[in-house]
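Chain naming here is simple, since letters A, B, ... match the order of the sequence lines and numbering starts at 1 in each. These numbers come from the heavy atoms of this one structure, side chains and all, not from hydrogens, waters or symmetry mates.
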Amino acid sequence: MNLRRVSAISRKEFIQIIRDPRSLALAIVIPMILIVLFGFALSLDIDNIPLAIWDRDNTRASVDFLLNFKNSKYFQIIGYYDNYRDLQRLIDSGKAMMAMVIEKDFSQDLLSGRPAPVQLILDGSDSNTATIALGYANAVVTQYNTNIILNIMKKYTKENPTPVNLQSRIWFNPDFQSKLFIVPGLIAVIIMIISSLLTSLTVAREWERGTMEQLISTPVRRAELLLGKFLPYFAIGFFDLIMSVLLGVFAFGVPMRGSVILLLILSSVFLTGALTQGMLISIVTKNQRTASQLAILSSFLPTFLLSGFTYEIFNMPKVVQALTFLIPARYYIIILRGIYLKAVGLDVLWRPSLLLCIFAFIIVSVAIRKFKKKIA
Amino acid sequence: MPENNTVAVTSLEKKFGNFTAVNRINFEVSGGEIFGFLGPNGAGKSTTIRMLCGIISPTSGSGKVGGFDIIKEQGKIKQNIGYMSQRFSLYDDLTVEENIDFYSGIYRVPKDEKQARKEKIIGLAGLEAFRHRLTSTLSGGWKQRLALGCAIIHKPKIIFLDEPTSGVDPITRNNFWAIIKDMARNGITVFVTTHYMDEAENCGRMALIYKGSIIAMGTPEEMKTKIMKNTVLDIRVAKGEDWLDKIETLKGVEEAALFGVSIHAVVKDERAAIDAIKDIFKRSGLKDYKVTKIKATLEDVFVSLIEDYDKEHDESKKS
């Protein structure tokens, strides 16, 4: 390993990056756009569920019942109607997610102690949101029922009955703000995609333009060439990382509670793996177009779908769960969320950290082995 | 070290699948020599040069470049040679100086010599006016000069040039050969491939490679005299194009082609051919003609060698 050669390659690669507006945009602008877009748009918070109402009873009791929905921040009553056609139209068009029909005898049934039916129609096409919405609706109704029962009991016993009183305390993210959860994961996704995409072109370009042949005729070694190419992209990736953290803090108010140093060190390990993955793709394909497509496919999809970023791993089928162990972003996201939200250190995160290191080590060794300074 | 700038190969062979690109060739190049490796496209020139530079591995055979084994000591070879590939292979998005600096770093040119060597290369290639220009904006000839410059930045003892003058204007070509000859005078061995036969005259010695085999080797003079078994006749006659077909189909005429105002005919038996040619003219009552024996050009030599080779191999296939 000779540092003169490594620095000659790094300098050359760096000049090439800054002279190519496209790769510069890819390296600096796209990550920022991604984090802003995803940070704002990819909100998993469910509130203001649009609710349409047909109150066939229209008594004090029914209005009182509906008040519970009106006062909940999870629902927004979009209007009162008097037929099924309107309700259907609203659900069809997506203007309402839920429709509620209160039957004619609602108040009478209540007073006479009979079950008072309330019909709830849900748009189940987005099953996840529908489940959550149904949960909210159930909670509102249960609360309403509890109050009724308590009132009746009070009337007869003249005492304050005490049912189980659940006192919940929510740690790390007390307001259930999904951005606190998403932004750290987003950093992993961005670093993964951008890094592997950036480096996926670098070796393939040399093969395509014929410059590799000239390099092969020189005494430069494989490791020198790869390290020389790696360094400028590492600098860019690191810059992206810092920008993402800063954007998270200042644009989204996501606090960095844990050790910044630990975050940077472990991020470097992840970055190394991601950059080398791109380089490995470049080495194997020797073709820029194939390489970039493969890089997007192999970084974006697994990181987005299987890392636990968007979908909880424990919800996945067992086979898919097993697959997630092969996705380094899975470990990185655990680390990011741990350091970001829980301020935990290596004593807790040693396992994902170790696995991240092992992954980086494997991919670097495979890249060096696969990279042959030979044409045929 | 007597052999530090020589090249020698023995039974060197390269196969790509079933196709034999280079068929067990042998040759030696001595120090300070300009050795021309000639042949049509696809003959195996680039494949040979790539094996010598350690870019591809031979299928079998052995060789030494600068005293180092081409299979076991590629690393040492690479520090001592310069290589200029057929396809332009510098960085288009770097300037002239940046390209030179890059190779200067790759070859670890000593820091205190770096600047002086860069200036020398720029001077040699005449690139003073373009030093800060992006390489992509240079024309073909200037690119080639820069490529040559980058290939000799580390003062190699042997330089391999693969078709350095293809697609280059005649003036740049001459200039190029002047640089090559200058390098050879300074003791650098130059191994150059080309398919321009007129350029071959510049070589000290040459090998003709065809379909993977070396079919002739020698100095330009030897090629034209000893190796050329046929005679070239210059036939001066009005409306030469009308006579071409008749002369070409004569017995004993290997090949005939228009050459400016006359016809050049390659013949096996000089006497018999002259008689036969004169005979056709006589029968059509033509008096104003002239048939003279001329010295073969290298192109004549190569064309007849290649035709002989093809004939021989066609016959051996049939039998």
Tell me, for [X] versus chain B, whether the close heavy atoms (under 4.5 Å) come from the side chain, the backbone, both or neither.
| X | answer |
| --- | --- |
| Glu206(A) | side chain |
| Arg4(A) | both |
| Asn2(A) | side chain |

Of the listed residues ([options]), which shares the most heavy-atom pairs with chain A below a 4.5 Å separation?
| options | answer |
| --- | --- |
| Phe88(B), Tyr103(B), Tyr83(B), Tyr91(B) | Tyr91(B) |
| Glu98(B), Lys76(B), Arg108(B) | Arg108(B) |
| Cys53(B), Ser85(B), Ala147(B) | Ser85(B) |

Exercise. May I ask you to check whether Phe191(B) and Phe27(B) place their ring centres under 6.0 Å from each other?
Key: yes
Self-check item: chain A contact via Leu134(B) - which portion, at a heavy-atom distance below 4.5 Å
Solution: side chain
Quiz item: Sub-3.5 Å donor-acceptor pair from the side chain of Ser136(B) to the main-chain atoms of Asp93(B), do we have one?
Solution: no
Would you be so kind as to tabulate the donor-acceptor pairs closer than 3.5 Å made by side chains of residues 32-45 of chain B, with sequence neighbours excluded?
unit_1   : atom_1 : unit_2    : atom_2 : d
Glu33(B) : OE1    : Ser30(B)  : N      : 2.9
Glu33(B) : OE1    : Ser30(B)  : OG     : 3.3
Glu33(B) : OE2    : Arg205(B) : NE     : 2.6
Asn41(B) : OD1    : His195(B) : ND1    : 3.4
Lys45(B) : NZ     : Gly39(B)  : O      : 2.7
Lys45(B) : NZ     : Pro40(B)  : O      : 3.1
Lys45(B) : NZ     : Glu163(B) : OE2    : 3.3

Self-check item: Residue Leu326(A) excluded, over 12 heavy atoms near CG under 6.0 Å
Solution: yes
Practice problem: Can you establish whether the number of heavy atoms outside Tyr196(B) located under 6.0 Å from its atom OH is more than 12? | Solution: yes
Exercise. Measure the CD-CE distance between Gln277(A) and Met192(A) for me, rounded to the nearest 0.5 Å.
Key: 3.5 Å
Quiz item: Top residue by heavy-atom pair count (under 4.5 Å) with chain B, among Asp20(A), Ile9(A), Val6(A)?
Solution: Ile9(A)
